[in-house]
Amino acid sequence: MKQIPYKIYLSEDEIPHYWYNVRTEMKEDIAPLLHPETKKPITLSDLEPIFCHELAKQEMNATDAYIEIPEEVRNFYKMYRPSPLVRAYCLEKALGTPAHIYYKYEGGNTSGSHKLNSAIAQAYYAKEQGIKALTTETGAGQWGTALAMACGYFGIDLKVFMVKCSCEQKPFRRGVIETYGASVTPSPSMETAVGRKINEMYPGNTGSLGTAISEAVEVATTTPNTRYALGSVMNQVLLHQTIIGLEAGKAFEKIGEYPDIIIGCAGGGSNLGGLMAPFISDKLNGRRNPYFIAVEPSSCPSMTRGKFAYDFCDTGHVTPLAKMYSLGNGYIPSSSHAGGLRYHGMNSVLSQLYHDGTLDEARSVKQTEVFEAATYFAKVEGILPAPESSHAIRVAIDEALKCKETGEEKVILFGLTGTGYFDMTAYMNYNAGKMEDYVPTDEELQKGIATMPKMD
Ligand SMILES: *Cc1c(COP(=O)(O)O)cnc(C)c1O
């Protein structure tokens with residue numbers, strides 16, 4: 001038999017024409033979003049002051065399994081997609097494992113991550129609706145960069161609230177965002193009412209995605225012809241990210257393999273949900289039974305140690321409530337180096353799948369173990385991974401080593417969501433032996449969980 005190549009590429013024509021709506025096949029649908037004040041299920045018109053019309057519709061859509069990718073978005077995708085599915089032969093050899101390891105590599109665009117897949121869709125729908133400006137938050141900066149690229153492309157103004165500690169750790173990220181024409185404000189700022197309130201409630205805090213979201217939403221809802229865009233957590237984002245899994249599914253078909261284990265890092269859940277999408281469909285319909293693992297940082301363990309209940313998506317309580325695994329909207333994680341995974345909650349679809357047992361396992365890993373895997377991977381596979389992605393690498397390596405013990409030839413797929421060129425402070429810390437692990441105590445977590453709303 002012909003050897004499977006190192007890189008399994010699809011042709012441009014094979015880029016999917018539809019995103020896949022996982023929600024339509026779930027055993028139990030997700031609980032509805034609730035209005036932050038009335039606590040009643042939200043309607044389309046509640047969402048429209050925040051999101052563009054089409055995106056609000058996608059957010060609520062529980063009935064259409066396939067949603068067409070607009071031609072202009074698909075054409076933009078052609079500039080950097082299909083992304084390769086890579087057979088990690090060198091990693092397998094270095095580990096001496098019989099496992100077949102594959103990764104879907106999303107770092108091959110300037111934003112350096114999968115975020116561009118949703119950014120371009122969101123900017124497109126804004127342009128179609130005649131929206132003049134978008135606001136957003138960014139943690140590590142990948143989302144801010146991706147949306148700046150997308151807005152630059154369609155000629156839309158963009159204001160980015162960037163989590164303060166990331167802004168300080170990664171000045172060059174800010175530089176890239178500004179180069180694409182967007183403006184950057186460290187959050188929490190004194191520019192918004194909610195920012196001033198958060199600064200007063202949590203003095204000296206270094207910000208979180210939750211604080212930046214509150215600020216971005218406030219500006220979007222109080223400025224004419226402006227909307228808000230979110231880079232993770234929401235169902236619309238997970239929907240756009242299904243392009244990752246759909247491409248991966250086609251590539252596996254070409255080579256006649258199928259993943260036994262599918263691993264992804266989970267911040268707000270979009271890349272993992274996207275990667276899992278077609279394979280979830282197989283699992284729910286009894287065609288196949290892949291084992292799914294979500295990996296999160298031990299410093300922000302929303303699935304492994306959080307609570308499955310309604311919570312606000314932001315610290316300032318301006319966004320709808322979602323039923324999800326959460327550490328509490330008031331939980332401000334330690335300033336770990338995986339900025340993209342520092343979110344208190346988890347996408348509702350992914351949360352429900354985990355609750356139902358379709359998503360088999362959530363695992364938390366420590367920062368130093370993650371960087372050990374990251375530097376190892378960089379040496380053997382050549383790619384310098386993002387700290388977020390390296391959470392998935394850690395677990396993929398651990399699973400491959402288990403196969404080495406048992407002699408099982410399992411097929412392992414993980415999402416390599418991005419590159420780490422802007423994370424050199426973190427890598428240098430690790431190289432100098434100065435990186436520390438942070439695992440919150442039960443008491444600290446309890447404080448965060450206590451900020452979740454009491455529902456009756
Ligand atoms: C944002 C980000 C993540 C986490 O976000 P999800 O919504 O959970 O996918 C992971 N990896 C990279 C490189 C990111 O930029």
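For ligands, and for the atoms within them, numbers begin at 1 and follow the listed sequence. Since the model is a prediction, treat every value here as computed from it, not as a measurement.
Partners of Tyr331 according to the ring pair (Phe, Tyr, Trp, His ring centres under 6.0 Å) rule, which considers only residues two or more places apart in sequence or in another chain, do not exist here. When the side chain to side chain donor-acceptor pair (under 3.5 Å) test is applied to Thr319, the partners found at least two apart in sequence or on another chain are Asp314. Partners of Ala322 by side chain to side chain contact (heavy atoms under 4.5 Å, CB included), not counting sequence neighbours, listed by chain and number: Leu33, Cys313, Met324, Ser348.
Crowding of Lys447 atom NZ: a count of heavy atoms from other residues, nucleotides or ligands under 6.0 Å not exceeding 12.
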| request: Could you please spell out the steps behind the salt bridge (Lys or Arg N to Asp or Glu O under 4.0 Å) verdict for Glu399 and Lys410? | output: CA-CA 9 Å; Glu399 290 301 310; Lys410 283 190 182 164; 5.5 Å; no
Name each N or O atom in ligand 1 that is under 3.5 Å from a protein N or O, and give the partner atom and the distance.
from, atom 1, to, atom 2, distance (Å)
ligand 1, 7 (O), Ser232, OG, 2.5
ligand 1, 7 (O), Ser270, N, 3.0
ligand 1, 7 (O), Ser270, OG, 2.7
ligand 1, 8 (O), Gly267, N, 2.7
ligand 1, 8 (O), Gly268, N, 3.0
ligand 1, 8 (O), Gly269, N, 2.9
ligand 1, 9 (O), His114, NE2, 3.1
ligand 1, 9 (O), Ser270, OG, 3.3
ligand 1, 9 (O), Asn271, N, 2.8
ligand 1, 9 (O), Asn271, ND2, 2.7
ligand 1, 11 (N), Thr417, OG1, 2.7
ligand 1, 15 (O), Lys115, NZ, 2.6
ligand 1, 15 (O), Gln142, NE2, 3.4

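No close placement of the Phe76 and Phe154 rings is indicated, their centers lying 6.0 Å or farther apart.
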